[in-house]
Amino acid sequence: MNNIGQRIKEQRKKADLTQEALADYLGVTYKAVSKWECGVTVPDVALIMPLAKILNVSADELLSGKPEEIDARRAEFDKFYEDHLKHTPDENYQTALKAVREYPMDYKYLSWLAACERGAAYSPKYKTDSEAQYSAEMMEQAIKHSNRVIDECNDPRIRGNAIWNAVLCCKALDRYDEALKYANMLPNEVHHLTRNSALDLCLQGEKLIEHRKFQVRCKLYDLFISLSRIYWFETQNEPYVTEALDATEALLKTAIPDGNYLGFHKVLCCVYQVRAQFALKVGNSDKAMEYLKIMLEHAKKIPCGTQDYTSGVLEGLSEFTTGSNPLYILTTIDDVNKTIYEQLTNRIKTLEIFSPLWDRADFESLFE
């Protein structure tokens, strides 16, 4: 006879769970699970729903072997979860508790509960002793549930939410080293959650300032790359192209007013090569020569090794810079093993667009 004990055993094996693991999820002993499967006893009625969810079957299927057509209860919880911003923190917390009790293997609900527990840590409604003790207990519970999601869930979005929640809980408990451990679990992007955002919460003092300056540097590089896509591949010096070139220089001068641009000299090499090419297209060789001279001066200033920015928003930030392999100005003709100055010199002497300059008496003076 295919009784409930046999169905529990069959579904447990399908779910690749041991009796001990199933017992742990349900808060019972493994001997209780063994007795169910042997037909000695049956599960308590209060365990039927969570047992069914763990085994990924409906309660009706577990009891009778007939699948349920619609799981209305899950749909109810899903709707509440999707509309959680419309509900009070108390309503969310109580509903998340019910959802996890009935669906203990649903990591979306468990992550939701962990976030609600962190919120409840600040609510006087749930105080049992002193506020500090209660808050700490709720934070620990939230971390515990977050850890289970982190360890068991494969969905990057749900797992990312759990990691972020653990970061916030540890920070609230002044456990910054632990918060940092969780922060480093985050990939660079998990929808709106990022490792950098988490590190911004965990780091302190000079390390925090350095981290924030580093983020500014990264954002500047991203912005300059975006601007370069406006001017680098354009064939005509349209007004918006000129504005992109001007904006690049203006931003650098504002961010680093003393001109100690370090690796950003590469950006200006690109800007002045484009300016020179546009000047040649309209037959202005003198202006092209002027721009190429500025370009090569910036190439000479690109440092090798680690140096510090000395002014502006990046002041004091260390950066390792190499004089070769520029960020985005390379073409297939360049030898990345050579310095940028050597690459640009070769470019001027070989690219056809610069040929109007080759016979000038002052051409070789560019390279002095």
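As a basis for the values below, the full set of heavy atoms in this structure was taken, side chains included, without hydrogen atoms, waters or symmetry mates. Model, not experiment: these values are computed from the prediction.
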May I ask you to test the R74-Y109 pair for a side-chain heavy-atom distance under 4.5 Å?
yes

Report the residues that fulfil ring-ring contact (aromatic ring centres under 6.0 Å, His included) with W36, sequence neighbours left out, ordered by chain and then residue number.
none

Could I get the full list of ring-ring contact (aromatic ring centres under 6.0 Å, His included) partners for F278, not counting sequence neighbours?
none

Taking atom CG as the centre, does D359 end up with more than 12 heavy-atom neighbours from other residues, nucleotides or ligands that are less than 6.0 angstrom away?
no

Check: L357 and L292 side chains under 4.5 Å, non-hydrogen atoms
yes

For atom CZ of F214, is the number of surrounding heavy atoms from other residues, nucleotides or ligands below 6.0 Å larger than 12?
no

Is any side-chain heavy atom of V271 less than 4.5 Å from a side-chain heavy atom of Y291?
no

Run the salt bridge (charged side-chain N to carboxylate O under 4.0 Å, His left out) test on D286 and R360 for me, step by step, so that the C-alpha distance in whole Å, both residues' side-chain angles and the decisive distance to 0.1 Å come before the verdict.
CA-CA 10 Å; D286 289 341; R360 286 179 60 120; 2.9 Å; yes

Pick from R12, Q6, R7, K9: which one makes a side chain to side chain donor-acceptor pair (under 3.5 Å) with E37?
R12

Min side-chain heavy-atom separation F354-K349 under 4.5 Å:
no

I'd like to know if the side chain of S355 and the backbone of L351 have a donor-acceptor N/O pair within less than 3.5 Å.
no

Cationic tip of K108 above Y81 ring, under 6.0 Å, 45° of axis:
yes

Please report the closest heavy-atom contact between M138 and A120, naming both atoms and the distance.
CE-CB, 3.8 Å

What residues, two or more places apart in sequence or in another chain, satisfy ring-ring contact (aromatic ring centres under 6.0 Å, His included) together with F367?
F363

Please say yes or no: joined through hydrophobic side-chain contacts below 4.5 Å, possibly via intermediate residues, are I340 and F320 part of one cluster?
no

Donor-acceptor contacts under 3.5 Å from residues 22-29 side chains, at least two apart:
from	atom 1	to	atom 2	distance (Å)
Y25	OH	E152	OE1	3.2
Y25	OH	E152	OE2	3.4
T29	OG1	A32	N	3.2

Are a donor atom and an acceptor atom from the side chains of T310 and D258 found within less than 3.5 Å of each other?
yes

Cluster check V313, L208: I/L/V/M/F/W/Y, side chain < 4.5 angstrom:
no

For D177, does the CG atom have more than 12 heavy-atom neighbours from other residues, nucleotides or ligands under 6.0 Å away?
no

V241, V282: one ILVMFWY side-chain cluster at the under-4.5 Å cut-off?
no

With side-chain hydrogen bond (donor to acceptor under 3.5 Å, both in side chains) as the rule and sequence neighbours excluded, what pairs involving residues 204-213 come up?
D200-R212

Within-4.5 Å side-chain heavy-atom neighbours: E315 and I256
no

Nearest heavy-atom approach of Y182 to I150 is CE2-CD1, 3.8 Å

Is there a side chain to side chain contact (heavy atoms under 4.5 Å, CB included) between L245 and Y272 once you walk through the steps?
CA-CA 9 Å; L245 291 164; Y272 279 95; over 6 Å; no

Is a side-chain donor or acceptor of N165 paired with a backbone partner of A114 at a separation under 3.5 angstrom?
yes

Tell me whether R195 contacts the main-chain N or O of L186 through its side chain, where contact means a donor paired with an acceptor under 3.5 Å.
yes

Y261 side chain near Y309 side chain, heavy-atom distance below 4.5 Å
no

Derivation and outcome, salt bridge (charged side-chain N to carboxylate O under 4.0 Å, His left out), residues D83 and K79
CA-CA 6 Å; D83 297 336; K79 183 67 167 63; 2.3 Å; yes

For atom CG of N56, decide whether the heavy atoms of other residues, nucleotides or ligands shown that lie under 6.0 angstrom number more than 12.
no

When you measure from the side chain of S34 to the backbone of Y30, do you find a donor-acceptor pair of N or O atoms at a distance under 3.5 Å?
no

Over all heavy atoms of both residues, which pair between C202 and L180 is shortest? Give the atoms and the distance, please.
SG-N, 3.8 Å

If you take the centroid of each ring, where Trp contributes its six-membered ring, are F264 and Y221 closer together than 6.0 Å?
yes

Strictly distance-based, threshold 3.5 Å: is any side-chain N or O of W358 a donor or acceptor partner for the main-chain N or O of I348?
yes

Among side-chain atoms of Q277 and Q273, is any donor-acceptor pair under 3.5 angstrom?
yes

Output yes when a side-chain donor or acceptor of N92 lies under 3.5 Å from a complementary backbone atom of H84, and no otherwise.
yes

Pairing residues for R118 by the salt bridge (Lys or Arg N to Asp or Glu O under 4.0 Å) criterion, not counting sequence neighbours:
none

Residues passing the side-chain contact (heavy atoms from CB on, under 4.5 Å) test with L173, sequence neighbours excluded, are A136, M139, E140, I143, R175

On a heavy-atom basis, the closest approach of C153 and R159 is O-CD, 3.5 Å

Taking the side chain as every heavy atom from C-beta outward, state whether V149 and I163 have any atom pair closer than 4.5 Å.
no

Side chain to side chain contact (heavy atoms under 4.5 Å, CB included) for K266 and T321? Distances and angles first, verdict last.
CA-CA 10 Å; K266 298 176 183 178; T321 308; 4.2 Å; yes

Going through the checks in order, is the side chain to side chain contact (heavy atoms under 4.5 Å, CB included) test met by W112 and Y107?
CA-CA 8 Å; W112 178 28; Y107 298 113; over 6 Å; no

Do L262 and L220 sit in the same hydrophobic cluster, where Ile, Leu, Val, Met, Phe, Trp and Tyr count as joined when their side-chain heavy atoms come under 4.5 Å apart?
yes

Would you say L203 ends up clustered with I209 if hydrophobic residues are merged whenever their side chains have heavy atoms under 4.5 Å apart, either directly or through other cluster members?
no

Only distances under 3.5 Å count here; give the side-chain donor-acceptor pairs of residues 296-303 to other protein atoms, sequence neighbours excluded, each with its distance to 0.1 Å.
from	atom 1	to	atom 2	distance (Å)
H298	ND1	H265	ND1	2.9
K300	NZ	E368	O	3.0

Are the side chains of W164 and S146 in touch, meaning some heavy atoms are under 4.5 Å apart?
no

Output all residues satisfying side-chain hydrogen bond (donor to acceptor under 3.5 Å, both in side chains) with D155, sequence neighbours left out; order by chain, then residue number.
none

Determine yes or no for a side-chain-to-main-chain donor-acceptor pair under 3.5 angstrom, with D362 supplying the side chain and S365 the backbone.
no

Residues A183 and V167: closest non-hydrogen pair is N-CG2, 3.6 Å

Looking at C169 and A142, what are the two nearest heavy atoms and their distance?
SG-CB, 3.7 Å

Mind running side chain to side chain contact (heavy atoms under 4.5 Å, CB included) on D174 and Y176 for me, showing each step along the way?
CA-CA 6 Å; D174 294 327; Y176 287 93; 4.0 Å; yes

Please identify each residue that fulfils side-chain hydrogen bond (donor to acceptor under 3.5 Å, both in side chains) with D308, with sequence neighbours left out.
S318

Can you pull out every salt bridge (charged side-chain N to carboxylate O under 4.0 Å, His left out) where at least one residue sits in residues 242-252? Sequence neighbours excluded, please.
D246-R275, E249-R275

The salt bridge (Lys or Arg N to Asp or Glu O under 4.0 Å) partners of E319 (sequence neighbours excluded) come to R217

